[in-house]
Each structure stands twice: as C-alpha cells, then as structure tokens.
Amino acid sequence: MIVDLRRVVAAAVVKAVAEVTSETIDIPSVEDPPRPEFGDLAIPVALELGRSLGRPPRQLAEELIEWLEANPVAGVSRWQIAGPGYLNAFFDRGWVFDQILGTLDSVSDEQRLPASVDTKQIVEHTSINPNKAAHIGHLRNACLGDTLARVVRSQGIDVEVQNYIDDTGVQVADVVLGFTEIRGLDAEAVAALPDPFDYACWDLYTEVTELLENNEVLQARRREVLLSLERQSGPEAELGAIIADRITRCHIATMERLGIRYDLLVREGDVVGLELWATALERLSTSDRVYFADGGKHDGCWMMRLEGLPGFEDLEEPNKVLVRSNGAATYVAKDIAYHMWKYGLLDDVFAYESYAEILDTHVAYRSARPGSANARSMPGRFGGARSGFNVIDVRQSYLQQIVGVALTALSRDSEIEVSHTHFSYEMVALTPRTAETLGIPVAKDDQCKAYIEMSGRRGYGVKADDLLDVLEKRGATEVAKRNPALDAAEVEELGRQIAVGALRYFLVKFSRNKVIAFDLEEALSFEGETGPYLQYAAVRAHSIFAKLEERWGKSEEEVVGEARSMLVAGRLGSELVGEEASELWNLIVQLMRLEYVIEQTVTNLEISTLAKHAFGLAQAFNHFYHRYPILKEENETKRALRILLAYVFRVHFSEVLSLLGIPVPERM
RNA sequence: GCGCCCUUAGCUCAAUUGGAUAGAGCGUCUGGCUACGGACCAGGAGGCUGGGGGUUCGAGUCCUCCAGGGCGCGCCA
C-alpha cells in the first residue's frame with residue numbers, strides 16, 4: 001500500500017501543539033483540501049483550539065507553522081495558513097513519488113501481520129434460509145459481507161467467514177409440506193429431482209404459502225413437521241435435510257459465481273442436536289437476565305429479561321421467550337447458543353466435514369455430528385474468536401440486540417471480553433416498473449411509490465442466478481461487439497467478469513442504511529458509475545503496456561524499469577512541477593488516500609466509502625488517460641513519468657478492485 | 001403506543017463524522033481525437049440540503065419541535 005502521510009502529519013501537529021501551547025490533544029482531524037492550491041492535506045486544529053484557548057486561530061496557526069518549519073517532517077515540503085486558520089501541508093512530490101516507486105517492488109508480497117487466534121475475527125454473512133433460490137436481497141448481504149471480509153483481511157487480520165444455515169425452521173418445513181402434500185414426493189424422489197432445484201422450491205414455496213392460508217389442517221401438519229425437523233427424526237426430517245442440503249449447495253454455487261466463499265457453514269440442526277443450546281441455557285441460567293416463568297402469561301417458559309435495558313424501553317412485552325413451554329428453543333435462543341460458541345463461551349462440540357471444494361484452492365467446511373461419515377473434530381480450527389461482525393438486514397436489529405445482551409451478560413460473568421457487531425443494512429426492493437416487467441402485480445396505489453417490497457413467500461423477487469445470466473449475456477454481447485476477433489470462450493469469460501463487476505459494484509455503492517430500489521435497467525447499465533466503468537479504467541491501463549510491448553518489443557517490466565532509471569530520485573522533484581505535473585499529481589494524491597479510506601470503511605462499516613473511492617480513482621485515471629497520451633509523447637522524460645504513473649495506477653487500482661471482489665479483465 | 005431508519009439537482013445517490021464555493025452518475029443541451037479502444041473525455045443548465053426554532057467562529061451533518069415515507073416490537077424464523 002502507498003504510504004499515507006496523514007498519520008505522520010497528524011503526529012507532527014500533535015507535537016507542535018504540545019510545544020507551542022503545552023496542550024495535549026488527540027489525533028487532530030486531517031482533511032483533504034477542497035482545491036489543489038490549498039495543498040495536499042488540511043488541518044483545522046487551530047480553529048478548534050483557538051476557541052478553547054480563547055485565541056485568534058490565525059495567530060495560533062502562525063505559531064504552529066513556525067514550529068513545524070523549524071522541525072521538518074519527511075515528505076512535507078512546506079506549510080501554509082489559509083482561510084480562517086487552516087494549516088495546509090504541501091508534500092515533497094519527489095520524495096513521495098520515490099516512495100511510491102518503492103512500493104512497486106514489494107506490492108505483491110506485502111507485509112501482512114501474522115495471523116493468530118487472538119486477532120481472529122468472524123464475519124457471518126449470507127445465512128439464507130435453505131428453502132428456495134437466492135434473490136437480489138441476499139446478494140446485497142453476501143456482497144457486503146464478502147467485501148467486509150476482504151477489507152478486514154487486507155489489514156492483516158485472520159478472518160473466518162461463516163454462513164449460518166437455518167435448516168430446522170418453518171421455512172424448510174413449508175417446503176417439506178409442499179413436496180409431501182402437494183407434489184406427493186418422498187425423500188428419495190426429491191433427492192432425484194433435476195436441477196435447478198432451488199427454482200423448483202421457489203415456486204413450490206409460494207404454492208404452499210397460499211395453501212397454508214386458512215387451512216388449519218395443513219397448519220397443524222406444519223407444526224408436526226417442525227417438531228420432526230427439530231428432533232431430527234422421522235421421514236420429514238430426512239426430507240428436510242435433503243432439501244436444506246440441496247438448496248445450500250445451490251446457494252454456494254450462486255455465490256461462487258460472484259467470487260464469494262465461506263470457510264464454514266454451521267447448521268442450526270447441529271446446534272440443536274449437539275445440545276449446544278442445553279449447555280448454553282445452563283450457563284445463562286446463572287445470569288440474572290434469565291429466569292424461569294412460573295405462572296402468568298409465560299408459564300413454563302425460560303425468559304430473558306430485557307426491561308430497563310437501553311433500547312428496550314416501553315415495549316409492550318418487555319421480556320423475551322427463550323424456551324417455549326413445550327421445551328423447544330426459540331430461534332433467538334439457538335442463535336445465542338451459536339454465538340456463544342462463536343466467541344469461545346462454549347466448547348467446540350462440532351465435528352466438521354469438507355462440504356464444497358472449489359478448484360483445489362478453497363474448502364468450505366460444514367458442521368456435523370461427531371461420528372457421522374466423513375466428519376472429524378478439528379479442535380481450535382473454527383469459532384473461538386473474540387470479535388466478529390454479523391451481516392444481517394436491519395429488520396433483525398431487535399434480535400441482534402438480544403443476542404448482544406446475552407453475550408454481554410455472559411462475557412461479564414466469565415471475564416472474557418467479546419466484541420459483537422451487527423453490520424446492519426437496509427433491504428432491497430424493486431422499482432414499480434421492474435416489478436411490472438417481472439410480472440409482479442402492482443396495485444394502483446403502489447404505482448407512484450418509489451419501490452415495491454419483495455416477498456419470498458409470494459415469489460416476488462429477482463432471482464440471483466437469473467440476474468447473473470442476463471448480465472453475463474449482456475456483457476458478452478458488448479465484448480463481442482468491440483472485439484469481433486475474439487473466440488467464443490474468451491468472450492464468455494469476459495462477459496462473466498463484467499457481470500460480476502457490474503453486480504458487485506451496484507450492490508455496494510449505496511450506503512448500507514439506504515433502501516435500494518432495484519431497477520433492472522439501471523443494473524444492466526455499464527456506463528457512468530458502474531463496475532464496468534472501473535474495469536474499463538483498469539483495462540485501459542493494461543492496454544497501454546500491451547501496446548508498448550507490441551510497438552517496442554519490450555515487456556512491461558522492461559518499460560517500467562527504463563522509465564525508472566530515467567527518472568533518478570533526485571531529479572523527480574523538478575519533473576513534478578508545472579501544469580501537467582499538477583494534474584498527474586492529483587492522481588497520486590488520490591492513490592495515497594487508500595489507507596485512510598480503508599480505515600474509514602472499517603470504522604464506519606460503510607463499504608460504499610471504498611466503492612466511491614475506487615470510482616474516483618477510475619475517473620482521475622480516465623482524465624489522465626485522455627489528456628496525456630503516452631505512445632505519442634516524444635519528450636522522453638514526460639513519457640517516462642506518464643508510464644510510471646500509469647503503472648502505479650494499474651498496480652494499486654487492481655488491488656482496490658480485488659478488495660471489492662471486482663475482477664480485472666485484460667480487455668473488454 | 002414505543003423504538004430505529006430515511007427525506008440533498010428532474011431521477012438515483014455522495015459529502016472525509018462540525019469545516020473552505022454542497023459534489024457524482026443518469027437524463028437533458030453543446031462540443032471532442034485517423035485510437036494507448038468512445039463502456040471515454042470536456043463544458044452548460046439544473047440546489048432555501050422536507051419545514052420551523054436552537055447550539056457556535058462555522059450546520060446537509062448536533063439538539064428540539066413539526067410534516068411525509070419505511071421498518072421493527074410473536075411460545076415465527
């Protein structure tokens with residue numbers, strides 16, 4: 001990663017403040033100036049401090065600058081006071097560019113912090129009910145989660161990606177009913193059904209839902225099935241397991257199309273079957289938060305006390321049932337048990353089996369019962385983290401809060417500090433016109449609405465695989481149009497990469513707490529602020545070197561090497577002045593922001609920050625590309641400088657795209 | 001009833017967490033190179049940041065009231 005002088009500058013300012021005013025301050029805010037003539041970084045510290053010290057900001061700023069000039073900072077060439085009292089820092093361009101060139105040698109084997117259990121973080125995402133095909137809403141979850149995992153991992157932290165499979169819930173029970181009551185199929189027959197199995201279940205699920213309405217007999221059957229699933233005995237449980245397994249494999253395959261992978265799939269059935277919950281309750285019952293209701297409305301239930309806690313004020317029902325009077329644990333209770341294991345508050349009782357092996361490079365494991373075929377215990381391998389993120393939509397905030405309350409109570413008692421963060425995001429809906437093209441009935445009242453909610457139960461939604469198919473086809477068409485000589489296989493592969501870029505960028509470019517009104521036409525667009533625009537910038541950077549090789553017969557390495565030796569370190573500063581240099585410099589300054597952007601992305605849990613940054617980089621490069629040709633340039637020094645800049649961009653921009661999971665095509 | 005979220009250009013969204021002249025994309029209008037590929041670039045028009053009050057050197061951002069919209073509060077998951 002390119003060195004960010006932000007921290008260095010901030011530290012220098014802290015020291016300057018201490019020396020000049022004998023005040024100790026926290027890390028001051030360091031901003032990017034709105035205009036280039038204000039320098040490369042702006043620190044409004046004198047504005048803030050001036051007030052508390054009762055001194056004119058500009059005067060204070062002058063004293064600070066005096067000190068800073070007397071105690072130079074490597075990389076900063078000069079300071080300036082501007083506006084009401086900003087400290088503006090101007091970088092030593094030659095020094096910076098020299099540093100950046102240094103990163104080119106080590107960028108591939110960047111120094112990563114050693115991974116250890118102490119720093120392990122668990123990112124849970126996807127966690128789709130295994131009863132039907134994944135839709136666009138699930139993709140938002142998976143893309144956010146996968147990108148978060150990539151970003152955290154890039155910080156040298158060992159990330160374990162988990163996907164929770166709720167295979168014992170009503171949603172699966174409904175599809176079990178569908179197969180038995182509507183289709184008249186048993187487990188064996190269902191196992192033999194052709195693909196796409198998840199599509200078949202999508203339709204079946206809506207059929208059952210309709211049938212279940214006002215049908216008390218069927219509703220009673222569902223309760224039986226549910227019990228059977230939870231006990232994991234009987235033909236319904238066998239059928240449920242087949243459904244959950246087949247659907248999960250479909251989901252894994254869908255996500256693999258987007259480059260999204262998992263380390264571990266934990267099945268709720270195993271949490272229940274291995275009595276993780278029973279142990280969890282034992283532990284929980286010692287806490288004053290958990291009690292057994294004897295009499296009253298919740299007679300015979302185990303309850304969690306929420307009243308009086310922040311965030312739970314004035315609820316109609318202040319407490320939450322954990323175990324029903326019939327002895328069955330609720331969903332949130334099982335989730336609490338799962339999270340206790342996740343964070344090492346319960347022993348690892350699971351066995352693990354290799355579930356999905358992908359291209360010999362990655363294995364996704366799945367929880368299993370000890371003693372079952374192909375399963376073995378793997379002590380210390382999974383779970384037992386001290387912190388983690390749950391990527392779950394905002395509607396589950398209430399339940400996530402309850403999990404948090406349990407974890408807090410337990411970690412206090414056991415003196416183990418656990419950090420559990422709900423990475424919440426808003427839902428994906430459909431624009432009315434997209435809903436209509438999909439054949440979803442839109443009521444007259446809803447036509448002017450900004451969006452129409454999706455409904456898995458009714459089958460209203462955009463299936464992930466359908467969308468990917470359309471995008472891939474469109475990508476391939478566009479590639480073929482521009483590259484008539486390419487063979488079909490390559491066109492198809494490029495179409496695939498473009499589809500992934502388009503979809504992934506689309507799903508992370510919005511702030512997470514904004515409802516996305518999914519519009520098919522907009523998502524199919526490859527122009528403007530889209531994934532393909534970013535990919536196009538990378539392709540252009542690449543094609544410069546391809547052309548250079550074609551014309552000069554020199555490899556990228558040789559070309560870059562020659563350019564570097566032409567611009568000796570000492571001379572760089574003098575080359576980096578003037579109008580052209582200032583425009584090139586803009587690109588460098590933006591590249592330097594990456595470290596800061598990643599920091600912001602993680603602390604705010606806002607992936608869109610990184611996405612917007614990537615878009616800004618692509619824009620800056622396209623500007624440079626258009627304005628400053630390389631092959632045509634005859635001045636060798638200028639050409640060398642541009643070559644190096646294009647190369648630096650290419651290397652670092654590829655890194656940014658890979659953080660976003662966006663493939664970098666060689667041509668488009 | 002209580003809680004959380006949203007409201008910024010015609011549309012979809014940003015705005016470095018309180019900083020300098022509120023920026024992008026789409027759409028619209030005007031212009032661009034025999035090419036390192038036009039999935040691009042340059043420029044124009046387009047804003048009382050939903051409304052009122054407050055906090056301060058400084059507010060799209062914070063506090064408060066109001067309006068409109070969404071979500072959540074189950075012995076469902």
Side-chain angles (χ1 to χ4, degrees), chain A residues 29-35 38 42 44 47-48 50-51 56-57 82-86 129 166 168-173 226 268 297-298 300-301 303 311-318 320-326 328 330-332 334-335 393-399 424 426-427 429 431 449-451 453 478-479 481-483 498 509-511 513-517 519 522 525-530 532-533 535-537 539-548 550-551 593 596-597 600 603-604 608-609 612-613 615-616 619 622-623 625-633 642 646 667-668:
Chain A
S29 55
V30 180
E31 295 159 12
D32 299 312
R35 283 196 305 247
F38 293 148
L47 296 171
E48 296 158 20
R51 177 176 42 180
Y86 282 95
N129 275 312
D166 183 3
T168 63
V170 253
Q171 304 236 20
V172 173
L226 205 49
E268 188 172 87
K297 189 175 160 193
H298 294 123
C301 294
M303 307 290 295
F312 294 95
E313 300 93 347
D314 296 313
L315 291 173
E316 280 177 24
E317 173 50 62
K320 179 77 188 169
V321 173
L322 293 177
V323 182
R324 304 178 180 98
S325 49
N326 70 0
T330 58
Y331 164 74
V332 70
K334 296 177 218 171
D335 213 29
D393 79 73
V394 67
R395 289 173 293 195
Q396 298 212 43
S397 296
Y398 171 69
L399 292 172
S424 79
E426 266 290 356
M427 58 168 178
T431 59
K449 273 194 179 176
Y451 52 82
E453 225 183 309
E478 296 293 321
V479 169
K481 204 158 67 184
R482 294 167 172 79
N483 306 272
I498 290 165
K509 76 171 174 177
F510 305 100
S511 322
N513 54 3
K514 278 249 165 53
V515 175
I516 295 181
D519 188 75
E522 196 192 331
S525 162
F526 292 167
E527 286 166 22
E529 197 196 333
T530 66
Y533 177 91
Q535 293 174 313
Y536 192 54
V539 165
R540 284 177 143 177
H542 175 258
S543 74
I544 291 171
F545 293 97
K547 263 292 193 299
L548 282 173
E550 196 182 298
R551 301 242 177 122
R593 294 192 57 222
Y596 177 70
V597 167
Q600 292 296 305
T603 58
N604 299 333
S608 64
T609 304
K612 299 277 179 193
H613 174 68
F615 178 65
Q619 267 187 322
N622 273 335
H623 173 84
Y625 174 92
H626 177 257
R627 193 117 187 236
Y628 302 104
I630 289 173
L631 266 71
K632 272 200 298 197
E633 180 55 55
R642 293 177 194 174
R667 61 181 122 242
M668 282 173 77

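Any value given below was found using the heavy atoms of this structure, including those in side chains, with hydrogens, waters and symmetry copies removed. Residue numbers start from 1 in every chain, and the chains themselves are labelled A, B, ... in the order their sequence lines are given, proteins ahead of strands.
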Applying a 4.0 Å non-hydrogen cut-off, can you work out what [X] is touching in the nucleic acid: base, sugar-phosphate, or nothing?
| X | value |
| --- | --- |
| A:Asn622 | sugar-phosphate |
| A:Val479 | base |
| A:Arg395 | sugar-phosphate |
| A:Phe526 | base |
| A:Pro629 | base |

Between A:Asp166 and A:Ala42, whichever has its closest RNA chain B nucleotide further toward 5' is A:Ala42
On RNA chain B, more 5' by nearest nucleotide between A:Ile544 and A:Gln396 is A:Ile544
N or O in side chain of [X] less than 4.0 angstrom from [N] OP1/OP2:
| X | N | value |
| --- | --- | --- |
| A:Thr330 | B:C75 | no |
| A:Tyr536 | B:A39 | yes |
| A:Arg667 | B:G37 | no |
| A:Arg482 | B:A39 | yes |
| A:Lys320 | B:C75 | no |
| A:Arg324 | B:A77 | yes |
| A:His623 | B:A42 | yes |

Among [options], which nucleotide has an atom closest to any side-chain atom of [X]?
| X | options | answer |
| --- | --- | --- |
| A:Ile498 | B:A39, B:G37, B:C36 | B:A39 |
| A:Pro34 | B:C71, B:C36, B:A20 | B:A20 |
| A:Lys449 | B:G70, B:C13, B:C71 | B:G70 |
| A:His626 | B:C41, B:G70, B:A20 | B:C41 |

Taking the same atom, C1', in B:A59 and in B:C71, what whole-Å distance lies between them?
28 Å
### P-based separation of B:C40 from B:G46 [nearest Å]
25 Å
On a heavy-atom basis, the closest approach of A:Tyr533 and A:Gly528 is CB-O, 3.1 Å
So what's [N] paired with, Watson-Crick or G-U wobble, going by both distances under 3.5 Å?
| N | value |
| --- | --- |
| B:G23 | B:C13 |
| B:C73 | B:G1 |
| B:G18 | none |
| B:G60 | none |

Quick test: give all pairs of protein nitrogen or oxygen and nucleotides 22-31 of chain B nitrogen or oxygen below 3.5 Å, distance rounded to 0.1 Å.
from  : atom 1 : to       : atom 2 : distance (Å)
B:A24 : O3'    : A:Gln619 : NE2    : 3.3
B:G25 : OP1    : A:Gln619 : NE2    : 3.4
B:G25 : O2'    : A:Glu529 : N      : 3.3

Under 5.5 Å centre to centre and under 30° between planes: does that hold for A:Phe38 and the six-membered base ring of B:A20? yes
A:Leu322 CG to B:C75 C1', in whole Å, measures 11 Å
Protein and nucleotides 2-10 of chain B: nitrogen or oxygen contacts under 3.5 angstrom:
from : atom 1 : to       : atom 2 : distance (Å)
B:C2 : O2'    : A:Glu313 : O      : 3.2
B:C6 : OP1    : A:Asn513 : ND2    : 3.2
B:U7 : OP1    : A:Lys514 : NZ     : 3.2

